[in-house]
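Convention: sequence-line order gives letters A, B, ...; per-chain numbering from 1.
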Amino acid sequence: MRPRADGPRQPPGPQEAAAGSRPAARADPAAYAGAVLDVTAMIPSGKVLTYGDIAELLACGGPRQVGRALSLATRDVPWWRVLRAGGRPAQGLAREARSRYDDEGTALAVPADPVGEDDYRVVLAEARWWPSPAQQDALARLGASLSRPAP
DNA sequence: AAATAGGCTTTAG
DNA sequence: ACTAAAGCCTATT
């Protein structure tokens, strides 16, 4: 498996990569969605995360859950800073997201002969955000608090 | 290098 | 129990 290019993330587990091999966390859906939105709001301008990254940071749920939470969100969050692992935003959002990237100076890779406005990719190696150790810890705590049934 | 196909998890309805 | 979801991975062109 390809080790994530860089970043002080915790050492990879044996099979951790296969989408969602973490123990079920069974968080309260509303709380989970809130946490996802919180993380999204934390991403600095010009930087991005993938759906899977957020799931890993929270150590809760999977990439698709993150996507669902965002799709249902009405809150004012920078949704365009959350991408699929391939560096492309969700289908249908690419065009709208692009103006944001231009605004924020996010690194884009556009093919020589683009098919359309939505034919581009964000260069994850450049634009990918990774939180500071302190932020990582805060996010880990946030994720841990999710799986704990509220008293 | 890029695009495609298949297989797979987690959670919600 | 089954299906759907703003996904991810690996193998194969």
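- Side chains of Ile43(A) and Pro78(A) form no contact here, defined as non-hydrogen atoms less than 4.5 Å apart.
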Taking Watson-Crick and G-U wobble contacts under 3.5 angstrom, with | marking pairs to another strand and [ ] crossing pairs, the secondary structure of DNA chain B is written .|||||||.||||

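- Geometric assessment of Arg64(A) against the ring of Tyr51(A) yields a negative cation-pi assignment under the 6.0 Å and 45° thresholds.
- Using modelled atom types and a 3.5 Å distance limit, the side chains of Asp102(A) and Ser99(A) yield no donor-acceptor pair.
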Detail all sub-3.5 Å separations between protein N/O atoms and N/O atoms belonging to nucleotides 1-6 of chain C.
{"from": "dA5(C)", "atom 1": "O4'", "to": "Arg68(A)", "atom 2": "NH2", "distance (Å)": "3.3"}
{"from": "dA5(C)", "atom 1": "N9", "to": "Arg64(A)", "atom 2": "NH2", "distance (Å)": "3.4"}
{"from": "dA5(C)", "atom 1": "N7", "to": "Arg64(A)", "atom 2": "NH2", "distance (Å)": "3.0"}
{"from": "dA6(C)", "atom 1": "N6", "to": "Leu70(A)", "atom 2": "O", "distance (Å)": "3.3"}
{"from": "dA6(C)", "atom 1": "N3", "to": "Tyr51(A)", "atom 2": "OH", "distance (Å)": "2.8"}

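- Residue-level contact check: Arg88(A) touches neither bases nor backbone, having no heavy atom under 4.0 Å from any strand.
- Here dT11(B) presents its C1' atom at 16 Å from CD1 of Ile54(A), a figure rounded to the nearest Å.
- Of the C1' atoms belonging to dA5(C) and dC8(B), the separation is 14 Å, rounded to the nearest Å.
- One atom, OH of Tyr32(A), and another, C1' of dA12(B), lie 12 Å apart when rounded to the nearest Å.
- Counting any heavy atom pair closer than 4.0 Å across all strands shown, Pro111(A) reaches no nucleic acid atom.
- Side-chain N/O atoms of Trp80(A) and Glu104(A) include a donor and acceptor closer than 3.5 Å.
- Contact check for Leu142(A) versus Leu58(A): side-chain heavy atoms found under the 4.5 Å cut-off.
- Using a 4.5 Å heavy-atom threshold, the side chains of Glu126(A) and Thr106(A) count as separate.
- Comparing dA4(C) with dT9(B), their C1' atoms sit 14 Å apart, to the nearest whole Å.
- The pair Asp53(A)-Arg128(A) meets the salt-bridge criterion, since a charged nitrogen lies less than 4.0 angstrom from a carboxylate oxygen.
- Minimum interatomic distance between Leu124(A) and Arg84(A) (heavy atoms only, all atoms of both residues): CD1-O, 4.5 Å.
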